[in-house]
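Data first, discussion second: the structure below is written as structure tokens.
This structure is a prediction, so every number in the text was calculated from the model and none was measured. Naming convention: chains lettered A, B, ... in sequence-line order (proteins, then strands); numbering from 1 in each chain. What you see below is based on every heavy atom in this structure, not just the backbone, and it leaves out hydrogens, waters and symmetry mates.
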Amino acid sequence: MSLNILVVDDSSVTRAMIIKTLKMTGVPLGDIHQAANGWEGLAVLKAHKVDLALLDINMPVMNGEEMLETLRSNPDWASLPVIVVSTEGSQTRIERLHQLDAKFIHKPFTPEVVCKTIEELTGQSYVSQSTDTEF
Amino acid sequence: MSPNQPTPNFNELLFHVSEQTFGELAFMLVESDELHAGAPSAPPKWGYVSRVEFSGPFGGEMRISITEEMLQPLGSNMLGIDEFEEVPEGVRLEDALKELINVTCGNLLPVLGGDQAIFNIAAPDVVAGSVPPPPERYTFAGSTLLQLDNGTAQVELYLSPDARVVDTAQAQGTANEEML
């Protein structure tokens, strides 16, 4: 089953890097949606069926942590698989994200790490088409 | 921290964190580390200056200045496309510089404040064609100059006057260990 994915990051380059990386993971991809902040991300979720969301933390308007809290408080999205992709270095905040049932990937990241994290979330096994490229 | 007095440890720390981030994120390698100890006598003409402010246990600002010819290869390398290939629709090259400073700053802060400290990093901005004056409310802490295969970059750090960072010598060791 292919995954419909939402990528939320205020940087157009980072969104492009994440999408390119996703295409290298071997994960079957359906529709890929993009949003530049948490608020836009919620609007996408209201309009489309999404199986997995990848969020940045530091964004204007609504940051990734606020978006994640909103998701977890809404029955429609409470169990949506979420991966936070960020430069965050605070173990305190990373633990807080884990408590909100999100996986965490530190930037820069590799297709292997992204693939492994999606596998952990979905319980499926995918064959990565990548080398050791880092993004 | 003494105001307006560069600390050698900050320079070293900035060099190691920047060298690692430029290499890992943008595949840009430092050609020589001879220049990293401070500002050159005749600095290059900067094409773009990115700035990002952060707050938390202490505040500050990081700046990365790059020469004009660096922006295109920076964006291409980060996107994994050929240098002369058209960037994907909707992608702005200046966002590559914003992402570079975002990741560099994100890698530096746990070293400065410890891995339990929570910092908030504001949205970076980019100024093209001119060099903005130093921030008024922060004190210059250190800088490093990177001679890369695609141009020259300078990374500067400004901190609030009351900033209490973890021991930078120890932090230096941590940064080096993480690189190994």
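- Ser11(A) and Asp9(A) are not linked by any side-chain donor-acceptor pair at a separation below 3.5 angstrom, with hydrogens and angles left out of the test.
- Between the side chain of Thr92(A) and the main chain of Gln116(B), a donor-acceptor pair closer than 3.5 Å is present.
- For the options Thr104(B), Asp95(B), Val103(B), Val87(B), heavy-atom pairs under 4.5 Å to chain A are most numerous at Asp95(B).
- Ring pair Phe58(B)/Phe119(B): centre-to-centre distance below 6.0 Å.
- Checking Asn107(B) against Thr21(B) by side-chain atom types alone, a donor-acceptor pair falls below 3.5 Å.
- Contact of Ala117(B) with chain A is made through the backbone alone, with heavy-atom distances under 4.5 Å.
- When heavy atoms are compared at a cutoff of 4.5 Å, Leu109(B) does not approach chain A at all.
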